[in-house]
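Here is how names work: the chains are called A, B, and so on, in the same order as the sequence lines, proteins then strands, and each is numbered from 1.
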2 protein chains.
Amino acid sequence: MESIFHKTDCLHCRIADLCLPHGLSGDEVSKLESIVRRKLPAKPDEYLYRQQDLAHSVFMVKTGSFRSFVSDTNGVEQTIGFYLPGELMGLDALENGRYHCSVIALESATLCELPLPRLQDLCSKIPSLQSQLMHIIGREILSEHDHIVLLSKRSAREKMATFLLMLSTRYKMLGFSSTEFNLSMRRDDIANFLGLTIETVSRQLTDLSKNGIITVKQRSIHINNLHSLKEIVEPCLPQHFALAN
Amino acid sequence: MESIFHKTDCLHCRIADLCLPHGLSGDEVSKLESIVRRKLPAKPDEYLYRQQDLAHSVFMVKTGSFRSFVSDTNGVEQTIGFYLPGELMGLDALENGRYHCSVIALESATLCELPLPRLQDLCSKIPSLQSQLMHIIGREILSEHDHIVLLSKRSAREKMATFLLMLSTRYKMLGFSSTEFNLSMRRDDIANFLGLTIETVSRQLTDLSKNGIITVKQRSIHINNLHSLKEIVEPCLPQHFALAN
DNA sequence: CGAGTGATTGACACTCATCAACCCAAGTGG
DNA sequence: CCACTTGGGTTGATGAGTGTCAATCACTCG
């Protein structure tokens, strides 16, 4: 087990360019390497950490996917985000050193742990690492803005279409197919993320298949007509947003 | 004009503890001071910057308030946040060096401009400045999480009550009254922020006044019964959230 | 095979958006 | 000085879009 992970060092990591090494010299990468703790794989439904836990690290997804959520006083969950490879989890702990969300693995996954004190220390020594961290933090903020826009005043149909397109875009960026993928999350999770009920999500998915725009079979999604999907979403896209095709 | 602003240096600034100087030595504060550009006051409805503008700085609100929003391709706006003194604007530019939101002053306001390259440079020299910046970034992320939770699956009544309590808490933190304040934003802005229509906001406000919980006269809000307001919000508060009273 | 979880479908109810009229305060101009 | 305008806000009537509840189906696993 261990050996597998040691082989995949930062220099040869598939997602290095989405991750902290981006823009660093070989020498700098090995310094970064020295503070990274490679974690054993996470299993489905395994907690990475829980809301309120003391936070010592942030975590970069290497493979697989995760879901972050907050629970209210009644234990009702609100999904905040889904994390795919190249996305950094735990930034919500920057405020007071405790995680504000819980994070759970949606499937088998691997990740790298970055101890916060050592990361900050290294950032002050390597300016381009500092920039890249800021860049990644900025990405997180933007994705939350997109989530806010999505939740506020969009129809169920628009939400669903946008969700599928978001995934499509992210998979494409990772070098996977943008038209054929498996949802790693359940309908509940999607519904909760979109501020809908599970029934509405289900109905929207069947509607989209009836129109021939997508084909759904359980968790597997095939986008037959990316163009139509975009037409549903188009009118409400922020100006900056250029979706991949 | 200028002189007024020069007098209020970071050491004597009312909001220093919410801002970057927090935790810095006197010496470090003066280094920080040297990169701060004090801006002339902003006038109501004046743009601080626009979506897509090249971003050279982030901005700390000193007095007054601002609204940030994104516009979609049809020019329809979505309000992302309201900024009060001690809150940092422009972090959405960290991703690619352009602002992702537009920001507009809601009233007469003053602010400090922090050029990003110089700030990052200084952060690598002053570890506690780096920490405090991270702390402030964390605050921004948390407030966006709260916004997400608010938008998703809350009733109009809960949204309105939460909004008032959020303002109450923030004003209290600034040393103002937590039960009596003026809204600096219009009903449109509130509605848009909460994912409601202006009519619904109006109806909720009148409902709350009919129940004697608040008194509304135009923009002025008086909270008569903070406890009732909290009871409306209580069941859906994230566990970490401790509202001031 | 039966139990259990996840997903779909249908019938109905309810919240909130929509549309329209109206109110109020603060200008503005003849 | 008063009619008129204008922008922000409130109120009322109506209906669409989703949530809710319940039954059923599809898979998986023991």
Both Q218(B) and G195(A) contact DNA chain D. Which one's nearest nucleotide lies toward the 5' end? Q218(B)
R186(A), nearest nucleotide to its side chain (from dT20(D), dT18(D), dG6(C)): dG6(C)
Cationic N near anionic O, under 4.0 Å, K43(B) to E107(B): no
Between dG8(D), dT10(D), dT8(C), which one does the side chain of R219(B) approach most closely? dG8(D)
Between F193(B) and F82(B), does the ring centre distance come in under 6.0 Å? yes
If I compare all heavy atoms of I223(B) with all of S178(B), which pair ends up nearest, and what's the gap? CD1-O, 3.8 Å
Of the listed nucleotides dA7(C), dT18(D), dT10(D), the one nearest the side chain of A156(A): dT18(D)
To the side chain of T200(B), which of dA17(C), dG19(D), dT10(D) is closest? dA17(C)
C112(A) versus K62(A): any side-chain heavy-atom pair under 4.5 Å? yes
Has the side chain of E199(A) got a donor or acceptor atom sitting under 3.5 Å from an opposite partner on the base of dC21(D)? yes
Per atom distances to the K153(B) side chain, the nearest of dC27(D), dA17(C), dT20(D) is dT20(D)
Grab the CG-P distance between L205(B) and dT10(D) for me, whole Å please. 6 Å
On a plain distance test, is the side chain of R203(A) in donor-acceptor contact with the base of dG19(D) below 3.5 Å? no
